[in-house]
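For reference, the structure is listed below as structure tokens.
This is a predicted model, so every value here is computed, not measured.
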Amino acid sequence: MCGVDKSKIVLMVQNANTIFCYYTLSSRALKEFTDQYGENVLQDSRPVLKVYCVNNDIVEELQTIFIDPFADNWYINLDRGDIDVFVKLGRYLSDETFVCFATSNTVTTPRLLEVEDKSVCYIDVSKEDISTK
């Protein structure tokens, strides 16, 4: 999860209920983190992904996921579709302070169900006889 110049997290849509992220944590970010919070901070803190929803420019935290410290990707299950989502990669300190290393792009998940608007109509033209004259 380390050894790159810049910490980064990328978010992709898997389906309406699942998003996937992969991430890298830079050596510089880890060094700055240990310099600021102390040498034992990595043992005393927990790696986490915080999932956020954006609705009408209002950000709401959906869930906090404690992740394996050696993981570099994660599938995230959501309880709803048709939302704008982004994720923050960071660590929770022992005093419950959240330290963010990277913020992902924002993705929009598809709807779970058909749209209620029935005004659009489709015709199956593959079964019609189309002849040229």
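Annotation: side chain of Leu78 is in contact with side chain of Gln63 (closest heavy-atom distance under 4.5 Å). Considering only heavy atoms from C-beta on, Asp82 stays 4.5 Å or farther from Pro110 through its side chain.
For the atom pair Leu11 CG and Asn105 CG, the distance stands at 5.5 Å (nearest 0.5 Å). Note that the SG atom of Cys21 and the CD1 atom of Ile65 stand 7.5 Å from one another [nearest 0.5 Å]. Remark: Ile83 CD1 to Thr109 OG1 distance equals 4.5 Å, nearest 0.5 Å.
Here the side chain of Ser104 pairs no donor or acceptor atom with the backbone of Val10 at under 3.5 angstrom. In this structure, Thr97 contributes its side chain and Leu93 its backbone to no donor-acceptor pair below 3.5 Å. Judged purely by atom type and a 3.5 angstrom limit, Arg91 uses its side chain to pair as donor or acceptor with the backbone of Ser45. A donor-acceptor pair under 3.5 Å is absent between the side-chain atoms of Asn56 and the main chain of Ile58, judged by distance alone.
Ser26 approaches Ser7 most closely through the heavy-atom pair N-OG, 3.0 Å. In this structure, Val87 and Ile9 approach most closely via the heavy-atom pair CG1-CD1, 3.8 Å. Listed here is the closest heavy atom pair of Asn17 and Arg80: ND2-N, 4.1 Å.
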Subject >> Stepwise side chain to side chain contact (heavy atoms under 4.5 Å, CB included) test for Trp74 and Leu89 >> reply: CA-CA 11 Å; Trp74 207 265; Leu89 170 67; over 6 Å; no
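Ring planes of Phe86 and Tyr52: parallel class, angle under 30° (limits at 30 and 60°).
Neither Tyr75 nor Val51 shares a network with the other; the hydrophobic side chains, linked directly or stepwise wherever heavy atoms of I, L, V, M, F, W or Y lie under 4.5 Å apart, form separate groups for each. Using a 4.5 Å cut-off between side-chain heavy atoms of Ile, Leu, Val, Met, Phe, Trp and Tyr, with links allowed through other members, Ile76 and Val85 fall into the same hydrophobic cluster. Residues Val107 and Leu62 fall within the same hydrophobic cluster, defined by Ile, Leu, Val, Met, Phe, Trp and Tyr side chains chained together at heavy-atom separations under 4.5 Å.
Residues passing the salt bridge (charged side-chain N to carboxylate O under 4.0 Å, His left out) test with Glu61, sequence neighbours excluded: Lys50.
Under 3.5 Å, the side chains of Asp84 and Thr106 contain no donor-acceptor pair of N or O atoms.
Between Tyr23 and Phe101, the ring center distance fails the sub-6.0 Å criterion.
A cation-pi arrangement, defined by a distance under 6.0 Å to the six-membered ring centre and an angle within 45 degrees of its axis, is absent between Arg46 and Tyr92. Both the sub-6.0 Å distance and the 45° axial angle are not jointly satisfied by Lys88 relative to the ring of Phe98.
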Pairs under 3.5 angstrom only: tabulate donor-acceptor contacts from the side chains of residues 35-43 to other protein residues two or more places apart or in another chain.
residue	atom	partner	partner atom	Å
Asp35	OD1	Lys31	NZ	3.1
Asp35	OD2	Lys31	NZ	3.0

